[in-house]
Amino acid sequence: MTTFPPEPLPRIALVATGGTIAGAGTESEGKEAHSAAYRAALVDAGELMARVPQLARLAHLQAEQLLQIDSADFTDDKLLMLARRVSELCARDDVDAVVVTHGTDTMEESAYFLHLTVKSPKPIVFTGSMRPGTALAADGPANLLHAVAVAAHPSSSQRGVLVVMNEEIHSARDVTKVHSMHLDAFASPYGPLGLVVEGLPRWYRALPRPHTAQSEFDITTLDALPLVGMVASHGNMRAEIFDSWVQVGARAIVHAGFGGGTVPAYLHDHFTALRERGVWLVRASRTGAGPVIRNANAPDDAHGWIVTDDQNPPRARLLAALALTRTTDAALAQEMFYRY
Ligand code: ASP
């Protein structure tokens, strides 16, 4: 086994964006010890680092505060900003890896976007926390330490963007926040890629799909992402809801449908009309796991619809937006859903 940490110590850029890991209960509210009563995005990057002195043994860290927001407030312009900044850092000779601190609520979306757009083999690791630093058993310090340990380890390169939370290492392609409160809030349908064991990454599986340097998506010349909306179905839907997305400029709509991605029969004609106007209809599942199978419970070929394969609806939105930067052909976009 190679010595860890390597000598000289790796140089890691820490990009802070806010979230609960930068959150705090406020004394005036008397809520310091509680884990749910706090404000996100208060503590800056330097302070986050200072709380974990063990970091200095693993890497030379350079911290920067790119954003200071609750991750619910990530809009596409901020996502592009983050992807561009991480790309710039990865391109530098004096940066060996990047760690991004981020709110947990939309971490799976931002991490996936970078997974498909940052052209670098260097480790890129997202982390955050479920509890603010002022909680009695805050999880942020250990998560940050583990994220830096994973980023610093040579075995973490060329694995795409990773999400390190609660001693697990997940692929940004697969991971989803599955609990609103527990520390064990992140899960991947096929399990994590690895674990952090005694401070070191230990890998159990590899990701077979392309990412980062192998991805075809190029954001360097993009001013904005094509607009894609998502609508989750429930009983008693209204067709007009889908029109609202088109009226504000959406070029694709991800439908989080029932079970295997079922679209209610009473919406089929409306979807066909939208499709005739050039809008992509992407069939996803609201179940949280499992593939949507083409032509299985809807005539996708006849309608010109796209299925997500196994991608969850929020990430399907991002993949559809990136696909729209390459093509207007729904059949080609379908291939991208199978490829990525
Ligand atoms: N609302 C927070 C955020 O996503 C939650 C967290 O970070 O855990 O920014």
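No hydrogens, no waters, no symmetry mates; every other heavy atom, side chains included, goes into these values. Order of listing sets the numbers, starting from 1, for every ligand and every atom in it.
Between E167 and H146, the closest heavy-atom pair is CG-CE1, 3.7 Å.
A salt bridge does not link R84 to E88: none of the charged side-chain nitrogens sits closer than 4.0 Å to a carboxylate oxygen. Ionic pairing of R39 and D70 is not present here: no N-O contact between side-chain nitrogen and carboxylate oxygen is shorter than 4.0 angstrom. The pair D76-R317 meets the salt-bridge criterion, since a charged nitrogen lies less than 4.0 angstrom from a carboxylate oxygen. Salt bridge D174/R315: absent, no basic N to carboxylate O contact under 4.0 Å.
Here E240 pairs with R238, D243 under the side chain to side chain contact (heavy atoms under 4.5 Å, CB included) rule; sequence neighbours left out.
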Please give the N or O to N or O pairs under 3.5 Å between ligand 1 and the protein, distances rounded to 0.1 Å.
{"residue": "ligand 1", "atom": "1 (N)", "partner": "D70", "partner atom": "OD1", "Å": "3.2"}
{"residue": "ligand 1", "atom": "1 (N)", "partner": "D70", "partner atom": "OD2", "Å": "2.9"}
{"residue": "ligand 1", "atom": "1 (N)", "partner": "D105", "partner atom": "OD2", "Å": "2.9"}
{"residue": "ligand 1", "atom": "4 (O)", "partner": "S71", "partner atom": "OG", "Å": "2.6"}
{"residue": "ligand 1", "atom": "4 (O)", "partner": "T104", "partner atom": "N", "Å": "3.3"}
{"residue": "ligand 1", "atom": "4 (O)", "partner": "D105", "partner atom": "N", "Å": "3.0"}
{"residue": "ligand 1", "atom": "4 (O)", "partner": "D105", "partner atom": "OD2", "Å": "3.3"}
{"residue": "ligand 1", "atom": "7 (O)", "partner": "T20", "partner atom": "N", "Å": "2.9"}
{"residue": "ligand 1", "atom": "7 (O)", "partner": "T20", "partner atom": "OG1", "Å": "3.0"}
{"residue": "ligand 1", "atom": "7 (O)", "partner": "T104", "partner atom": "N", "Å": "2.8"}
{"residue": "ligand 1", "atom": "8 (O)", "partner": "T20", "partner atom": "OG1", "Å": "3.1"}
{"residue": "ligand 1", "atom": "8 (O)", "partner": "T104", "partner atom": "OG1", "Å": "2.5"}
{"residue": "ligand 1", "atom": "8 (O)", "partner": "S129", "partner atom": "O", "Å": "3.0"}
{"residue": "ligand 1", "atom": "9 (O)", "partner": "D70", "partner atom": "OD1", "Å": "3.3"}
{"residue": "ligand 1", "atom": "9 (O)", "partner": "S71", "partner atom": "N", "Å": "2.7"}
{"residue": "ligand 1", "atom": "9 (O)", "partner": "S71", "partner atom": "OG", "Å": "3.4"}

